[in-house]
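Note that the coordinates shown come from a computational prediction; the quantities given were computed from them, not determined experimentally. Chain identifiers are assigned alphabetically (A, B, ...) following the order of the sequence lines, protein sequences preceding nucleic acid strands; residue numbering begins at 1 within each chain.
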Amino acid sequence: MAPGLRLLRGNVGLMVAPVVIAIAGVLLAVRVGGAEKDFSEASALQWSERLWPQLRRHIELTMWSTFWVLIIAIPLGILLTRPRLKFLAGPVLTVANSGQAIPAYGLLVLLAAWLGTTFSTAVIAFTIFAILPVLRNTMVGLDQVDKSVIEAGRGMGMSRRRALVSIELPLAVPVILAGVRTALVINVGMAALAFLIGGGGLGETINSGLKLQRDLTTFTGAAMVALLALTVDWIAAVAERVLRPRGL
Amino acid sequence: MNQSDTTEPMIRLDRVSKVYPGQSSPAVAELSLDIARGEVLVLVGPSGCGKSTTLRLINRMIEPSNGRIIFDGEDVTGVNPDLLRRRIGYVIQQIGLFPHMTIADNVATVPRLLGWKKDKIRARVDELLDMVGLEPNVYRDRYPKELSGGQAQRCGVARALGADPEVLLMDEPFGAIDPITRDRLQNEFLRLQSELKKTIVFVTHDIDEAMKMGDRIAILKESSQIAQLDKPEHILAYPVDDFVDDFIGSGSTLKGLSFERVRDLELSPYPMIRHNAGHAQARRVLDEAPQRWLLVLDDMDRPLRWVNDSHLDRTDRPLRDLGHPVRAKVEPNATLHDTLEAMLTSMAGCACVIDKRGSLQGVVEIEALTDVIRRLRANARKHYEDENGQSQPTGTPS
Ligand SMILES: Nc1ncnc2c1ncn2[C@@H]1O[C@H](COP(=O)(O)OP(=O)(O)OP(=O)(O)O)[C@@H](O)[C@H]1O
Ligand SMILES: [Mg+2]
């Protein structure tokens, strides 16, 4: 705990954020718990039957899609910055860009029509959406590493791989992590659409609130997504600080 | 260390060329160069003439388009460059310390690559930091951003010396540093080299740095063509063409004097006298000598005063109170450059050579210096004429 606290020192935002999130969470629980609900509201806002499983599903969707983004985008970014494959960087970025330009709804429906309405389909869709920031940041992060530092390493007899692992990647970590953080936040938001193709998540609560015109339900779902996004962002920010190599 | 013949060059470039893709003129054209064991060879030349390219061809950071590179008797044009580079220390112009590693980890780079044991690496790191003047206990765990420019340069040199390579390549290692610190680093480097006796190829575009650091200097024109390759004093005394002459700039004769030492001069006799002698005797000594000044010595033969004709006429005070005090004194290992400077400030236009205790060993007059300059010129010219039958040199030194 002590070293963790020391890392956060000097960044008031990082220390205050969890407190604010916790207070907001408690206020939300009090508000929802104390409100008068009709039958549909009461069943939609049931914690152990509805909200908690949806929240868990939402987190699972986010984690899995982010996991696949990392597995795909970081190695791809590394490959595309190697001298031999550099010529592919432009075309691949164009494709990745257009992946993000397609409306989310359209992509989801297309994939569902093709792969069926399952959890995996949702994960695949969100993976495609969040790949770009991580891929781009990996490439930028590697590109911005001071060439003279790499030359020094290679000049002392580091192999290409060794220079990549012990110089380029550590020095690119801050930029790559910033991309991962963006991807996580995108995925929390996107996961709210998973209900469209039967993927579950907090989107179901929001949707039922909208359909039945129950504002409290809609508000609760949206607020939970927002709090989750803030929490994930906070965790990512802490990770950025902890994983950032010392000396930079 | 090495069983091979010590007269064999440590590094030989055999008609090496490099044409960068998409460029019409070569960056290095048919360069042949031998670098002897234990020497500091300086590559100097105008910007863009191919110095860095030449250096990087040696450790194969750049692959030659043509020609062979012989390292320690072995043709290394085809060997694994990573293994070759672990045997060659490399200091790049921008230093290039790894910002995310501590100073100790930076210095340990090559020993780690070679798989040394932890204890051995730790001991070696401390030894190297000590060697370059960075107190290990203070600097070991710092990060590069916590060093000054000069400290970073030292760390770069320590890192290059990591696994005690026989050869060191240095690309403008003291480039981006203020003149005072640079001077200090240069002196430390020369002291270090006098102990380590590495084979060093040193790139700079500063001719004065070249003169100071180099056992030999290769002055390069565009495409790394050698304009002149020789000891600094030869180049200063006898620039072979206008290009070299321009490049070494004005004052080359003066610069040449800093390679000669007072102890090697043959000093002609100078009129001198003890402080307790009478005026009549002083006048006699002065009249017999061609010089206009008389040097007055104390009981220990330490020079006291300069006295001339007019002083002797004026009064009859003792000699030790007459004339001007002697200020221009040099020790036998002073350079002629420093000696000349002392002479210019002296009343008599001469410098007294004294030993450790201050006793006079001789007097340097301006003729002694002009003789040296004439002799240097003649020697350098002769050296080129002997070698080529004419004065059109490029090649190897004596
Ligand atoms: N990677 C490269 N690709 C193409 N051309 C290059 C490359 N590196 C150097 N050159 C060219 O080769 C020539 C020699 O360059 P080099 O870096 O060896 O010069 P230099 O003598 O070290 O100059 P400086 O004193 O400015 O460092 C220059 O004309 C330069 O433009
Ligand atoms: Mg250069």
Side-chain angles (χ1 to χ4, degrees), chain A residues 3 6-7 9-11 74 77-78 81-87 89 137-138 140-180 239-248, chain B residues 52 55-56 58-62 79-115 141-147 152 155-156 158-163 165 168-173 175-176:
Chain A
R6 198 168 340 114
L7 271 166
R9 190 181 303 152
N11 190 327
I74 292 180
I78 292 171
T81 47
R82 298 307 94 189
R84 245 175 274 174
L85 294 176
K86 214 156 197 162
F87 71 100
N137 277 36
T138 303
V140 169
L142 289 171
D143 267 339
Q144 52 95 53
V145 174
D146 188 348
K147 293 294 166 288
S148 65
V149 172
I150 302 173
E151 180 181 342
R154 298 277 288 138
M156 283 186 292
M158 286 190 178
S159 61
R160 267 184 212 290
R161 178 190 303 237
R162 180 78 178 230
L164 173 70
V165 171
S166 56
I167 302 176
E168 293 181 68
L169 282 176
L171 291 179
V173 156
V175 183
I176 296 177
L177 284 179
V180 173
E240 266 183 46
R241 266 182 101 93
V242 175
L243 295 178
R244 180 189 184 87
R246 287 193 62 200
L248 292 190
Chain B
S52 299
L55 201 68
R56 292 149 58 85
I58 296 174
N59 66 357
R60 296 197 37 225
M61 289 296 282
I62 297 175
V79 306
N80 178 337
D82 293 336
L83 299 182
L84 174 68
R85 288 180 204 140
R86 292 175 199 175
R87 299 164 56 193
I88 304 179
Y90 184 37
V91 183
I92 64 170
Q93 183 165 3
Q94 306 86 342
I95 316 178
L97 295 179
F98 308 134
H100 59 302
M101 296 187 192
T102 60
I103 300 311
D105 287 339
N106 266 281
V107 174
T109 304
V110 181
R112 289 236 170 87
L113 288 172
L114 295 174
D141 297 322
R142 287 206 187 175
Y143 285 90
K145 71 169 179 197
E146 297 160 348
L147 297 185
C155 181
R159 187 174 63 169
L161 289 170
L168 216 50
L169 307 179
M170 310 180 85
D171 195 346
E172 307 207 21

S.K.: Looking at I150(A), D146(A), V149(A), L171(A), which one forms a side-chain contact (heavy atoms from CB on, under 4.5 Å) with F98(B)?
M.R.: V149(A)

S.K.: Given a strict heavy-atom distance threshold of 4.5 Å, which part of L97(B) is in contact with chain A: side chain, backbone, both, or neither?
M.R.: backbone

S.K.: Can you find a pair of side-chain heavy atoms, one from R246(A) and one from T102(B), that are under 4.5 Å apart?
M.R.: no

S.K.: Using modelled atom types and a 3.5 Å cut-off, is there a donor and acceptor pairing between side-chain atoms of H100(B) and backbone atoms of R244(A)?
M.R.: no

S.K.: Quick one: OH on Y90(B) to CE on M156(A), what's the gap to the nearest 0.5 Å?
M.R.: 10.5 Å

S.K.: Relative to chain A, which of I88(B), I92(B), N59(B) shows the most heavy atom pairs under 4.5 Å?
M.R.: I92(B)

S.K.: Please determine whether the number of non-hydrogen atoms from other residues, nucleotides or ligands lying under 6.0 Å from atom CZ of R160(A) exceeds 12.
M.R.: no

S.K.: So how far is it from Q93(B) CD to S148(A) OG, rounded to the nearest 0.5 Å?
M.R.: 10.0 Å

S.K.: Passes side-chain contact (heavy atoms from CB on, under 4.5 Å), R85(B) versus M158(A)? Steps please.
M.R.: CA-CA 8 Å; R85(B) 288 180 204 140; M158(A) 286 190 178; over 6 Å; no

S.K.: With a 4.5 angstrom heavy-atom cut-off, is it the side chain or the backbone of P99(B) that approaches chain A, or both, or neither?
M.R.: both

S.K.: Determine the option with the most heavy-atom pairs under 4.5 angstrom with chain B, choosing from G153(A), A152(A), G155(A).
M.R.: G155(A)

S.K.: At a heavy-atom separation under 4.5 Å, does L248(A) approach chain B through its side chain, its backbone, both, or neither?
M.R.: both

S.K.: Which distance, rounded to the nearest 0.5 Å, do you find between the NZ of K147(A) and the CD of Q94(B)?
M.R.: 12.0 Å

S.K.: Check each atom of R162(A) against the heavy atoms of chain B and say whether the ones under 4.5 Å are side chain, backbone, both or neither.
M.R.: side chain

S.K.: Enter the distance from L113(B):CG to S159(A):OG here, rounded to the nearest 0.5 Å.
M.R.: 8.0 Å

S.K.: Do D82(B) and R154(A) sit within salt-bridge range, that is, some charged N less than 4.0 Å from a carboxylate O?
M.R.: yes

S.K.: Heavy-atom distance under 4.5 Å to chain A: side chain of R87(B), backbone, both or neither?
M.R.: neither

S.K.: Please flag which part of L84(B) lies under 4.5 Å from any non-hydrogen atom of chain A: side chain, backbone, both or neither.
M.R.: neither

